[in-house]
Amino acid sequence: MELILCALKCEANALFKHINNPDVKIECCGVGAKNLKIIKNLTAQDHITNIGVCAGNNIGEIYLCNKINATRPAYPDILFNTYIKQKEIKCLKNLADKKLVANNPDLLFDQESEIIWNESIKFLGPHQISYLKIVSDNGTDKDTPTKEYISKLIETKIDDIKNFIDTNLKLFTNIKTSTENKDLSKISNALKCSTYMENRLKQQLKYANIKKIKVNAFFNKLKNNKTIPVEHKKDGIKILNSLDNYIISENDKL
Amino acid sequence: MIKFPNIYIEKNALDHSNTKKILDYLRTNKYTLIDHYKDVFCRPRQNPELQKQNPNLILAIKHKDYLYPGASICQDFGYDSFYYSSCVANCICNCDYCYLKGMYPSGHILVFVNLEDYFTHIGNKKYYICVSYDTDLFPLEPMLGYVDRWCAFAKKNPNILLEIRTKFKSNDIWKIDPPNNVIFAFSLSPQEIIAKHEKGTSNLQSRLSNICSAQNAGFKNRLCFDPIIYTSNWASNYSSLINQCFNTINVDKVEDISVGSFRISQTYLKNIRKYNQTSEIVNFPFSNINGYYQYHPQLQKQMEDFVYNNICKYFDKEKVYLWN
């Protein structure tokens, strides 16, 4: 799943209008990323993209953040070539003022990036977090951008955003996981497996599954002639050794 | 030309002449400045498998550990002072079984730009040094020129013996004057294994023609049937490979041959399996022998004997090295 995190509702609303994909979820985390409960349910196959406006130079430009400028800098992975320009971002407690932006032309400023990173990186990897930021202003001494302005600004970059999200989804769909054999614990008990033996069995079953080798026939035969369940662990070891040979012989037939 | 999604440069590597050359080659001035390469390379919970699909480039300075002692599961070819050097960590190609994916926390390519410091440290000692264990320098040669520089270093320091190993075809490397004390080692696998499990490497035909080019230009060469990988039709695959190889290359010009079945440290394999749960190569139920995963002794012997005996039909067995 691709989780798009926006700080503001007007940012999220602009995306809702254009992104309609069951694998993409759009959530609001509030200014200062106060609500990040959702990220705790993410797995190794999921990815977060924080999309929103920020202060900086070049109003209207979209940037992919390559560094979070903090006491301990953070580096979100960038895992595919994109024409979106890259820039460093700094997270502030308050809105950036014009002087700060003018004095730091190579920086973007927001109020969420570092908080999202710090919360996510506790259990996600750096390849699972990205930041797409659109410059809405050069710093705000008086007026903050309106909701309508922000929504429209996001919509002007919707093609860039959709391309980025689609590429990310493709990349993460390629992560293939294997499912554990449902009979593992039953077989393990029948063989009186120690932890070491169970890990060995697990690997044998996993390989058999990858190679589409049916191990049921092997165990059914042992069950029918009452070889399993075994009485002693050492008999279980012998069966694991035979299973190795069985897998090789079946594989050689493929 | 290789296109990296992002380039990281260590602050103290920024002004190094080699950094400038690399950026010129890549025709870019865009990079992310970092304090230390470990800030990126050693981040926790990275996914090397995913990163390998489109690796980033990290340019850094190496300050120590220019040489490491060769591991016991690696071939030393009878040399006592056997070391390896890591001037580049990680490889542009993506072999399913590559131990680098289990050894390093990252799949990004880390280049140490200060190769001259390696040379100063190593000097003219009587060492056998493998300089491309942790990478394949050939595909990076247009960008780095490290093969050329290692060869020039070897020429000036006749006591050392270098091994440069590759799975890539190169046209330019064979244009240099061949040094006597550098052995180019060519890894060979059946085409089926290359196509399925050695993504991004040169195909078998190109590898064999590469060996011929090296031989014709007078470079010392070694053949590596290592690692031998088990598949359902391994025997016919390796039989064809050996026949094709010795019918193509000039056997009289081969220095020696190494033979070994796949083996890997248990820690590395555990890491690789974490991110690659569907590869039949790394998910084979290996035997754990003294902390190293290997094929079951019977299968291992069967495979190594088969390859060894087939090679010995063409080549002097005294010069065929088995890893164990």
Side-chain angles (χ1 to χ4, degrees), chain A residues 44 47 64-67 72-82 85-88 106 120-128 167 171-172 174-180 196 199-213 240-241 243-245 247-254, chain B residues 2-8 30-36 39-56 58 105-108 230-236 266 269-270 273-288 293 295-299 302:
Chain A
H47 182 270
L64 178 61
C65 300
N66 54 19
K67 179 176 180 178
R72 204 173 162 199
Y75 302 93
D77 259 335
I78 295 172
L79 294 182
F80 50 88
N81 288 299
T82 161
K85 290 175 189 163
Q86 297 181 19
K87 221 168 192 178
E88 214 173 292
D106 295 330
S120 312
I121 208 67
K122 288 175 188 166
F123 49 93
L124 299 181
H127 56 287
Q128 291 179 271
T167 314
L171 189 71
F172 277 76
N174 285 339
I175 303 178
K176 290 177 190 139
T177 51
S178 64
T179 46
E180 201 163 272
Y196 176 80
N199 284 336
R200 185 177 165 196
L201 173 66
K202 201 169 161 180
Q203 199 58 44
Q204 289 171 320
L205 298 180
K206 192 173 175 182
Y207 181 76
N209 185 36
I210 292 168
K211 296 295 294 176
K212 297 189 173 36
I213 295 167
L240 292 183
N241 292 340
L243 180 57
D244 272 338
N245 295 333
I247 288 172
I248 298 282
S249 68
E250 287 300 300
N251 196 29
D252 286 346
K253 287 180 201 165
L254 294 174
Chain B
I2 313 161
K3 197 162 185 248
F4 298 100
N6 199 9
I7 300 168
Y8 298 95
K30 293 188 177 70
Y31 52 83
T32 308
L33 210 55
I34 54 176
D35 288 330
H36 195 279
D39 295 345
V40 174
F41 198 70
C42 299
R43 292 167 299 170
R45 286 181 292 281
Q46 293 180 79
N47 184 333
E49 193 65 47
L50 205 61
Q51 291 168 330
K52 288 283 286 189
Q53 292 180 31
N54 258 316
N56 292 187
I58 305 169
S106 178
H108 295 325
Y230 169 79
T231 53
S232 49
N233 47 350
W234 65 268
S236 63
Q266 60 179 16
L269 187 65
K270 194 180 156 195
R273 280 174 172 171
K274 192 173 159 191
Y275 294 110
N276 191 342
Q277 300 186 13
T278 53
S279 160
E280 64 175 284
I281 305 298
V282 296
N283 285 297
F284 186 90
F286 296 102
S287 298
N288 187 335
Y293 278 114
Y295 292 114
H296 317 309
Q298 199 189 338
L299 178 63
Q302 199 186 348

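Convention: sequence-line order gives letters A, B, ...; per-chain numbering from 1.
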Most contact-rich option vs chain A, by heavy-atom pairs under 4.5 angstrom, among B:Asn56, B:Leu50, B:Val40, is B:Leu50
Check whether A:Arg200 reaches the backbone of B:Pro285 with its side chain - one donor and one acceptor, N or O, closer than 3.5 Å.
no
Whatever's closer than 4.5 Å to a heavy atom in chain A on B:Phe286 counts as neither
Among A:Lys206, A:Gln128, A:Arg72, the residue with the most heavy-atom pairs under 4.5 Å to chain B is A:Lys206
Whatever's closer than 4.5 Å to a heavy atom in chain B on A:Gln86 counts as side chain
- Task: State plainly whether the residues B:Glu49 and B:Lys52 are in salt-bridge range, i.e. N to O under 4.0 Å.
- Result: no
Of A:Asn245, A:Ile248, A:Ile247, the largest count of non-hydrogen pairs under 4.5 angstrom with chain B goes to A:Ile248
Once you measure the plane-to-plane angle for B:Phe284 and B:His296, does it fall in the parallel (<30°), tilted (30-60°) or perpendicular (>60°) bin?
tilted
If one checks every heavy atom of B:Gln53 against chain A at 4.5 Å, the contacting part turns out to be side chain
Turns out that what part of A:Leu64 lies under 4.5 Å from chain B's heavy atoms comes down to neither
Those residues at least two apart in sequence (or on a different chain) that pass salt bridge (charged side-chain N to carboxylate O under 4.0 Å, His left out) with B:Asp35 are B:Lys11
Please evaluate residues A:Tyr207 and A:Asn251 with respect to the criterion side chain to side chain donor-acceptor pair (under 3.5 Å), reporting the C-alpha separation (whole Å), side-chain torsions for both, the decisive distance (0.1 Å), and the verdict.
CA-CA 10 Å; A:Tyr207 181 76; A:Asn251 196 29; 3.1 Å; yes
task: Consider only side-chain N and O atoms of B:Gln277 and B:Asn283, and report whether a donor and an acceptor are under 3.5 Å apart.
output: no
The interface call for A:Ile210 against chain B, heavy-atom contacts under 4.5 Å, is side chain
Nearest heavy-atom approach of A:Phe80 to B:Pro5 is O-CB, 3.5 Å
Whatever's closer than 4.5 Å to a heavy atom in chain B on A:Lys122 counts as backbone
Honestly, the part of B:Tyr8 sitting under 4.5 Å from a heavy atom of chain A is side chain
Okay, B:Leu299 and chain A: the region with an atom under 4.5 Å from a heavy atom over there is side chain
I'd like to know if the side chain of B:Tyr295 reaches the main chain of B:Tyr230, judged simply by a donor and an acceptor atom lying under 3.5 Å from each other, with no hydrogens or angles considered. yes
Turns out that what part of A:Phe123 lies under 4.5 Å from chain B's heavy atoms comes down to backbone
Under 4.5 Å to a heavy atom of chain A? For B:Ser279 that would be backbone
Contacts of A:Lys211 meeting salt bridge (charged side-chain N to carboxylate O under 4.0 Å, His left out) (sequence neighbours excluded), chain-then-number -> B:Glu280
